[in-house]
Amino acid sequence: MELADRAVGFLLCCISLSIFTYYTLWVIILPFVDSDHFIHQYFLPQEYAIIIPVLAGVTLLCFLSVFIGSVMLKSKKKKA
């Protein structure tokens, strides 16, 4: 089981590193590259660089709030 955990951890690290690299290139490097360069076809428009993280953060906060609320309601029912 330890090998499976290490494989999952390695996979998650690789995915996180690739997302971080892609986003860093998209937000920091790409504005300095000419707009007619071929590399622009691999990236979304710049507006999405703000919209996607904001929507992901709001979604995460919503799920976290629902989870905490459900745990609080369950613990309140156990006490009563």
Side-chain angles (χ1 to χ4, degrees):
M1 191 65 171
E2 181 181 323
L3 184 61
D5 290 341
R6 291 183 70 171
V8 170
F10 181 73
L11 181 66
L12 288 175
C13 284
C14 289
I15 290 171
S16 298
L17 183 63
S18 63
I19 289 172
F20 176 76
T21 304
Y22 179 85
Y23 189 77
T24 301
L25 288 173
W26 183 24
V27 173
I28 296 176
I29 305 297
L30 201 63
F32 298 108
V33 177
D34 291 333
S35 61
D36 58 346
H37 199 270
F38 75 93
I39 196 138
H40 280 276
Q41 69 185 1
Y42 298 112
F43 295 92
L44 293 171
Q46 289 289 329
E47 297 84 31
Y48 291 107
I50 301 298
I51 293 171
I52 291 173
V54 167
L55 287 178
V58 168
T59 304
L60 179 68
L61 284 175
C62 287
F63 282 125
L64 187 62
S65 299
V66 168
F67 175 73
I68 290 173
S70 66
V71 168
M72 288 174 66
L73 286 174
K74 285 181 184 178
S75 71
K76 188 175 184 180
K77 286 180 183 177
K78 285 183 180 180
K79 286 182 180 179

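The analysis underlying the following values was restricted to heavy atoms, covering all of them including side chains, and did not include hydrogens, waters or symmetry mates. Sequential numbering from 1 along the given sequence is applied to the chain's residues. Quick caveat: nothing in here was measured; it's all calculated off a predicted structure.
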Go through the steps for I39 and V33 under the test side chain to side chain contact (heavy atoms under 4.5 Å, CB included), then give the verdict. CA-CA 9 Å; I39 196 138; V33 177; 4.0 Å; yes

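In terms of hydrophobic clustering, with Ile, Leu, Val, Met, Phe, Trp and Tyr side chains grouped at heavy-atom distances under 4.5 Å, M72 and L64 are assigned to a common cluster. Note: the hydrophobic cluster containing I28 also contains I52 (ILVMFWY, side chain heavy atoms under 4.5 Å, direct or indirect links). Taken together through direct or relayed side-chain contacts under 4.5 Å among Ile, Leu, Val, Met, Phe, Trp and Tyr, I29 and F38 form part of one hydrophobic cluster. When the side chains of ILVMFWY residues are joined at heavy-atom separations under 4.5 Å, either directly or via intervening members, L25 and Y42 end up in a single hydrophobic cluster.
For Y23, the OH atom sits in a packed shell: over 12 heavy atoms of surrounding residues, nucleotides or ligands are nearer than 6.0 Å. Q41 CD: more than 12 foreign heavy atoms inside a 6.0 Å radius.
How far OG of S75 is from CG of L73: 8.0 Å, rounded to the nearest 0.5 Å. Distance CZ/R6 to CG/L11: 14.5 Å, rounded to 0.5 Å. Taking OG1 of T24 as the start and CG of L17 as the end, the distance is 9.5 Å to the nearest 0.5 Å.
Y48 approaches L44 most closely through the heavy-atom pair CD1-CB, 4.0 Å. Between L55 and T59, the shortest heavy-atom distance links the atoms O-OG1, 2.7 Å.
Side-chain atoms of H40 come within 3.5 Å of backbone N or O of D34 as a donor-acceptor pair. Between the side chain of S18 and the main chain of I15, a donor-acceptor pair closer than 3.5 Å is present.
Remark: Y22 engages W26, F43 in a side-chain contact (heavy atoms from CB on, under 4.5 Å) (not counting sequence neighbours).
In this structure the side chain of L30 reaches within 4.5 angstrom of the side chain of Q46, judged on heavy atoms.
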